[in-house]
Amino acid sequence: LLSCDKLTVKNKAEQESLQTRENEKSKPNFLVISTLVIFGICMIAGNLVKDGLNVWVPQILKDTYGFGDSLSIILTIALPILGLFGALFVVQMNKFVRDGVLLNGLLFLAATGCMFVVFQLLKTTLYIPIIVLFGLISLLMHAANNYITSFIPLKMRDRFNSGLLAGIL
């Protein structure tokens, strides 16, 4: 094992280069910390919305439109399934929008727009668009959550320990 080129350091310059890169990773600068704070706040907001949908949507539809418990059970199962499609959606979106802050901003803006429409439609008898919008909000929040916990640590791996960052986020 010691003769393997990848496991041994060949010269002092290479060893110093490795040490310098490790030191740079261990000392995150202000930009890295502020980016982590922004994404941390987005994580908190996104998880509140995402988990709130799973808990409150069945009750809202039951109280507002008189739906039975069977729809509550179906929605409790269906909304998290949309999270799988949220992961696929964010991968496709990342091909077009490479900036993580902009992409998350777009996801949150779209979810906020959907929530605004839902609040307006709750005053009407139109329940099918409301259910579709709840599903779309769930998809968008799962996409944002997936991006923050998966893509951000990988993109920042040169400046920060990606395993630690994924755990924090």
Side-chain angles (χ1 to χ4, degrees), residues 28 30-157 159-169:
F30 176 74
L31 181 63
V32 173
I33 297 298
S34 60
T35 303
L36 293 178
V37 169
I38 290 169
F39 282 116
I41 292 169
C42 288
M43 246 345 242
I44 292 169
N47 279 322
L48 286 172
V49 171
K50 182 173 57 84
D51 295 339
L53 279 173
N54 289 336
V55 172
W56 291 105
V57 165
Q59 190 63 40
I60 290 170
L61 293 176
K62 186 177 180 180
D63 292 345
T64 307
Y65 299 108
F67 289 145
D69 291 332
S70 59
L71 181 68
S72 298
I73 294 168
I74 291 170
L75 286 175
T76 303
I77 294 169
L79 287 175
I81 290 175
L82 287 172
L84 298 173
F85 296 105
L88 296 173
F89 178 71
V90 79
V91 168
Q92 294 303 315
M93 284 292 295
N94 191 50
K95 291 178 183 176
F96 298 104
V97 182
R98 303 298 282 172
D99 182 13
V101 175
L102 178 62
L103 179 57
N104 270 291
L106 291 172
L107 292 170
F108 276 94
L109 183 64
T112 303
C114 291
M115 284 185 252
F116 177 76
V117 173
V118 165
F119 289 136
Q120 300 304 312
L121 288 177
L122 280 175
K123 302 170 189 169
T124 68
T125 59
L126 302 171
Y127 59 86
I128 292 177
I130 290 174
I131 294 172
V132 170
L133 286 169
F134 279 143
L136 184 58
I137 294 167
S138 179
L139 180 131
L140 292 167
M141 288 296 93
H142 275 89
N145 186 7
N146 229 314
Y147 186 84
I148 292 171
T149 57
S150 300
F151 284 77
I152 296 301
L154 291 176
K155 286 187 176 193
M156 297 183 81
R157 69 179 170 250
R159 291 173 268 165
F160 206 77
N161 182 336
S162 59
L164 176 66
L165 183 57
I168 290 171
L169 292 174

With sequence neighbours excluded, residues passing ring pair (Phe, Tyr, Trp, His ring centres under 6.0 Å) with Y147: F151
Which side-chain N or O atoms in residues 136-144 pair as donor and acceptor under 3.5 Å with protein atoms at least two apart or in another chain?
unit_1	atom_1	unit_2	atom_2	d
S138	OG	L79	O	3.1
S138	OG	H142	ND1	3.4
H142	ND1	S138	O	2.8

Interatomic spacing from CZ in F108 to CG in L103 - rounded to 0.5 Å: 10.5 Å
Atom pair CG/CD1 of L122 and I60 - distance to nearest 0.5 Å: 6.5 Å
Separation between CG of L61 and CD1 of I131, rounded to the nearest 0.5 Å: 5.0 Å
Partner set under side-chain contact (heavy atoms from CB on, under 4.5 Å) for D99, not counting sequence neighbours: V101, L102
Set of residues satisfying side-chain contact (heavy atoms from CB on, under 4.5 Å) with respect to P80, sequence neighbours excluded: N54
L121: partners by side-chain contact (heavy atoms from CB on, under 4.5 Å), with sequence neighbours left out: V117, T124, L126, P129, I130, L133
Atom pair OH (Y127) and OG1 (T125), whose distance is rounded to the nearest 0.5 Å: 9.0 Å
Point-to-point distance, once rounded to the nearest 0.5 Å, from CZ of F67 to CD1 of I74: 11.0 Å
For F116, ring pair (Phe, Tyr, Trp, His ring centres under 6.0 Å) partners two or more places apart: none
Pairwise salt bridge (charged side-chain N to carboxylate O under 4.0 Å, His left out) hits with a residue in residues 65-90, at least two apart: K62-D69
Residues which pass salt bridge (Lys or Arg N to Asp or Glu O under 4.0 Å) with D63, listed by chain and number, not counting sequence neighbours: none
Y65 side, atom OH; L71 side, atom CG - distance, nearest 0.5 Å: 12.0 Å
By side-chain contact (heavy atoms from CB on, under 4.5 Å) - contacts of N146 (at least two apart): A87, V90, S150
